[in-house]
Chemist: 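Can you keep this structure in mind? I'll have questions shortly.
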There are 2 protein chains.
Amino acid sequence: MKKKTTGHTTIKDVAEYAGVSKSTVSRYINGKIDAISPEKVKNIKKAIAELNYRPSKMAQGLKIKKSKLIGFVVADITNPFSVAAFRGVEEVCDQYGYSIMVCNTDNSPEKEREMLLKLEAHSVEGLILNATGENKDVLHAFAEQQIPTILIDRKLPDLKLDTVTTDNRRITKEILQKIYSKGYTDVALFTEPISSISPRAERAAVYQEMASAQNANGLVRMYEIDVKNKEKLKVALRSFHKEMPEQKKAILALNGLIMLKIISCMEELGLRIPQDIGIAGFDDTEWYKLIGSGITTIAQPSHDMGRTAMERVLKRIEGDKGAPQTIELEAEVIMRQSL
Amino acid sequence: MKKKTTGHTTIKDVAEYAGVSKSTVSRYINGKIDAISPEKVKNIKKAIAELNYRPSKMAQGLKIKKSKLIGFVVADITNPFSVAAFRGVEEVCDQYGYSIMVCNTDNSPEKEREMLLKLEAHSVEGLILNATGENKDVLHAFAEQQIPTILIDRKLPDLKLDTVTTDNRRITKEILQKIYSKGYTDVALFTEPISSISPRAERAAVYQEMASAQNANGLVRMYEIDVKNKEKLKVALRSFHKEMPEQKKAILALNGLIMLKIISCMEELGLRIPQDIGIAGFDDTEWYKLIGSGITTIAQPSHDMGRTAMERVLKRIEGDKGAPQTIELEAEVIMRQSL
DNA sequence: CTGTTAGCGCCTTCAC
DNA sequence: GTGAAGGCGCTAACAG
């Protein structure tokens, strides 16, 4: 009956130490306490404490087919959105005893594929995915194995999956209206490549409609920029500033990353905000209010999106077989002085 | 021999479909291909592809005692340091087929304890920990089970564990020298509660030495601030600014979070940087160069710290039994215009 | 080269 | 109330 001092303690050790069978220990672990005689309960409790026993999730999982693992796959962990969403996911995971495997795809479909396969191999019970737009086949495999998958932020139209996003169209319209109502007559959109990323596409579409109706001469000015290429961004910025100098100019930055690059380049070019060009964008950071006199932006409920997504996962795990639903959370325009 | 269309495919399914035994499939999975007749190899490959088979890590893990899981526990996922370090960890994890369970403790020892126990239950093969300073007993349990644990950023003096940090003393000294050499005569330290967090303690200690030697009247001015309490911070800021107005004043912010709060409060108080008070701090963000004319700061090699920590974990997993080592990476002062 | 056997740590009938 | 037995999906000798 002496304590082992090394290696992992198993249910067998506990059983022997407590002088009962493995079954009884198992019952104890699983809370069937009032089906065990009080004395044995006491012994088992003591054994567990002294042996420092922790039931192996792997063994439990193998048996009952529940890993207590959730996969959280983000396109860019560097994006504050990802971190905020993570915290939301985490809150509800903690509450229900789930752990989170975090994967970062860097917007690379290949990396995403690897991560998804890895998560599948690890038997995650649910998946929260900020998708690149590819790997439909793997997602299909998840569906076949009944592993609930929730899309976050980015929709995948042809894949009938639960989705949590923002009301991109409405909010984009709202901010553009505010821009135009401030007298801007030449509004440009700066964006990372849209490819098939739904929020980008939706925002761009609304911009196109509104710009062609309200920009001077109906000119739609969309600049697709590779954020790694600062020089090209500067060229774009300079050319936008130079053309039609008599118009009052503003830029709508399609996400936080490109906003950062724009501000940085404008500074280097000696372009003033908002005197030379007004700016507004998506995503909010605490830093925004400290840049110049504050950056006007759209704050997404990132944290809530994470929470909501994980709550959906939970519902599915609990057996909800309802039709996939798309949940749109409300974003909010925060007016500061950059317009 | 027909394909199952639902549920998880197991090694048994593959074996039957390919007309071989489970052992042979197992051999295939584990790369012992030249110990199998070419024809069977072909059949197995085909079966795996058609059945969409992915070996269960849980079952493998149970058998060979390798979960391919790494626990990454950070005190504050919101801190850019955590994200940068994560990416470093991730890089090497990807390379070696490990997955990462990310846990956020919010600097709460209780939450940390829960997370650690959870990770232990999941049989992580290694642990990278940005510690709160408590839970030595659980860490002890990890050691007993030979689960390599690497401390990152924050040391735990009485625990002889591998540790990856920054040369806090040297770099703090360097930046303070730069501050004093710019003619500042009244330098204050603003910090979150130091408690027993090693980088904070080390930075504060160096500050105390240098301030008592070089501040006017040898005055050491340390303000311990709860970052949640903006009012108290403002009071501190105002009082620091008012006392001895004839001295040239600067603040050293002990980390990025408190820096953010300081800048924000100074703005609200109408205090100008650096005319009224010069500032410098720790941690770097891309935003720093855009605030005013740029914030002078210390950039930590966060990403490398993550990489290095994970590399250490790997060495330990591979059997390195050497004495625990403390690896100090070099930080760097980035001078901008806030001083 | 390949199949049979015996577990890994745990849970779950099924008898007692 | 309790233990013995079987099996989750996989690997690792051990015989052929």
Side-chain angles (χ1 to χ4, degrees), chain A residues 4 7-45 47-48 51-69 97 120-125 145, chain B residues 4 7-45 47-48 51-69 97 120-125 145-147:
Chain A
K4 318 196 310 177
H8 189 69
T9 311
T10 77
I11 199 173
K12 187 160 163 259
D13 302 321
V14 176
E16 286 171 4
Y17 192 92
V20 300
S21 74
K22 292 191 295 170
S23 318
T24 306
V25 178
S26 176
R27 288 189 186 98
Y28 177 89
I29 294 171
N30 294 291
K32 301 178 175 41
I33 299 188
D34 35 83
I36 313 176
S37 73
E39 187 182 2
K40 300 206 166 174
V41 169
K42 214 185 61 205
N43 290 350
I44 295 174
K45 177 184 262 172
I48 289 181
L51 262 28
N52 229 284
Y53 171 64
R54 228 91 57 204
S56 154
K57 298 269 180 210
M58 290 183 86
Q60 287 182 319
L62 186 56
K63 185 70 198 173
I64 66 179
K65 278 136 188 322
K66 291 209 171 321
S67 62
K68 284 293 178 180
L69 250 25
E120 186 189 354
H122 275 288
S123 317
V124 293
E125 285 185 57
Q145 292 173 54
Chain B
K4 318 196 309 177
H8 189 71
T9 311
T10 76
I11 199 173
K12 187 158 163 261
D13 302 322
V14 176
E16 286 171 3
Y17 192 92
V20 301
S21 75
K22 293 191 296 171
S23 321
T24 306
V25 177
S26 175
R27 288 189 186 98
Y28 177 90
I29 293 172
N30 294 290
K32 301 178 177 37
I33 299 188
D34 35 84
I36 312 175
S37 73
E39 186 182 1
K40 299 205 166 173
V41 169
K42 213 184 62 203
N43 289 63
I44 294 173
K45 176 184 261 170
I48 288 181
L51 261 27
N52 229 283
Y53 171 64
R54 228 92 55 201
S56 155
K57 297 269 182 211
M58 292 184 87
Q60 288 182 318
L62 186 56
K63 184 70 198 172
I64 65 180
K65 278 128 187 325
K66 293 210 170 318
S67 62
K68 283 293 177 182
L69 250 26
E120 188 190 352
H122 275 287
S123 316
V124 293
E125 286 184 55
Q145 292 173 56
Q146 327 257 39
I147 303 174

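The chains referred to below are lettered A, B, ... by the order of the sequence lines, with proteins before strands, and numbering in each begins at 1. These numbers come from the heavy atoms of this one structure, side chains and all, not from hydrogens, waters or symmetry mates.
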Chemist: Whole angstroms only, please: what is the CD-P distance between B/Q145 and C/dG9?
Modeler: 12 Å
Chemist: The side chain of B/K63 is closest to which nucleotide in this list: C/dT2, D/dC10, C/dC10?
Modeler: D/dC10
Chemist: Is there a side-chain contact between A/I11 and A/I29 (heavy atoms, below 4.5 Å)?
Modeler: yes
Chemist: Rounding to an integer number of Å, can you tell me how far B/I33 CD1 sits from C/dC1 P?
Modeler: 13 Å
Chemist: Given that B/S23 and B/K65 both sit by DNA chain C, which one's nearest nucleotide is further toward the 5' end?
Modeler: B/S23
Chemist: Where the side chain of A/S21 is defined as all heavy atoms beyond and including C-beta, which of C/dC10, D/dT11, D/dG3 is the nearest nucleotide?
Modeler: D/dG3
Chemist: Describe the nucleic acid contact of B/S37 in one word from base, sugar-phosphate, nothing, applying a heavy-atom distance below 4.0 Å.
Modeler: sugar-phosphate
Chemist: Check every atom of C/dG9, D/dC10, C/dG3 against the side chain of B/V20 and return the nucleotide holding the closest atom.
Modeler: C/dG3
Chemist: Answer yes or no: does a side-chain N or O of A/K40 lie under 4.0 Å from OP1 or OP2 of D/dG3?
Modeler: yes
Chemist: To the nearest angstrom, how far is A/Q60 atom CD from C/dC8 atom P?
Modeler: 17 Å
Chemist: When you measure from the side-chain N and O atoms of A/K12 to the phosphate of C/dC11, is any distance below 4.0 Å, counting only OP1 and OP2?
Modeler: no
Chemist: Please report, rounded to the nearest Å, how far the C1' atom of D/dT2 is from the CG atom of A/N43.
Modeler: 14 Å
Chemist: For a 4.5 angstrom cut-off between non-hydrogen side-chain atoms, does B/K42 reach B/P38?
Modeler: no
Chemist: Measure NZ/B/K68 against P/D/dG9 and give the value in whole Å, please.
Modeler: 22 Å
Chemist: Indicate whether OP1 or OP2 belonging to D/dC10 is found under 4.0 Å from a side-chain N or O atom of B/S56.
Modeler: no
Chemist: Just compare D/dT11, D/dG7, D/dA13 and give me whichever is closest to any side-chain atom of B/R27.
Modeler: D/dA13
Chemist: Without decimals, in angstroms, what is the distance between A/K66 NZ and C/dC10 P?
Modeler: 19 Å
Chemist: Just checking A/K22: base, sugar-phosphate only, or nothing, at a heavy-atom cut-off of under 4.0 Å?
Modeler: base
Chemist: Hey, does B/I36 have a side-chain heavy atom less than 4.5 Å from the side chain of B/Y28?
Modeler: yes
Chemist: Which of these nucleotides, D/dC10, D/dG3, C/dT2, is closest to any side-chain atom of B/T24?
Modeler: C/dT2
Chemist: With heavy atoms under 4.0 Å as the rule, sort A/L62 into base, sugar-phosphate or nothing.
Modeler: base
Chemist: Can any side-chain N or O of B/S123 pair as donor or acceptor with the backbone N or O of B/S67 at less than 3.5 Å?
Modeler: no
Chemist: Please tell me which of the listed nucleotides, C/dC8, D/dC10, C/dC11, lies nearest to the side chain of A/N30?
Modeler: C/dC11
Chemist: Specify the separation, in whole Å, of atom CD of A/E16 and atom C1' of C/dG9.
Modeler: 13 Å
Chemist: Output yes when at least one side-chain N/O atom of A/S26 is less than 4.0 Å from OP1 or OP2 of C/dC11, else no.
Modeler: yes
Chemist: Across the strands shown, which category fits A/Y53 at heavy-atom distances under 4.0 angstrom: base, sugar-phosphate, nothing?
Modeler: sugar-phosphate
Chemist: Please tell me if the side chains of A/E120 and A/Q145 come closer than 4.5 Å, counting only heavy atoms from C-beta onward.
Modeler: yes
Chemist: Report yes if the side chains of A/E125 and A/K66 come closer than 4.5 Å at any heavy-atom pair, otherwise no.
Modeler: yes
Chemist: Provide, to the nearest angstrom, the distance between the NE2 atom belonging to B/H8 and the P atom belonging to D/dG7.
Modeler: 20 Å
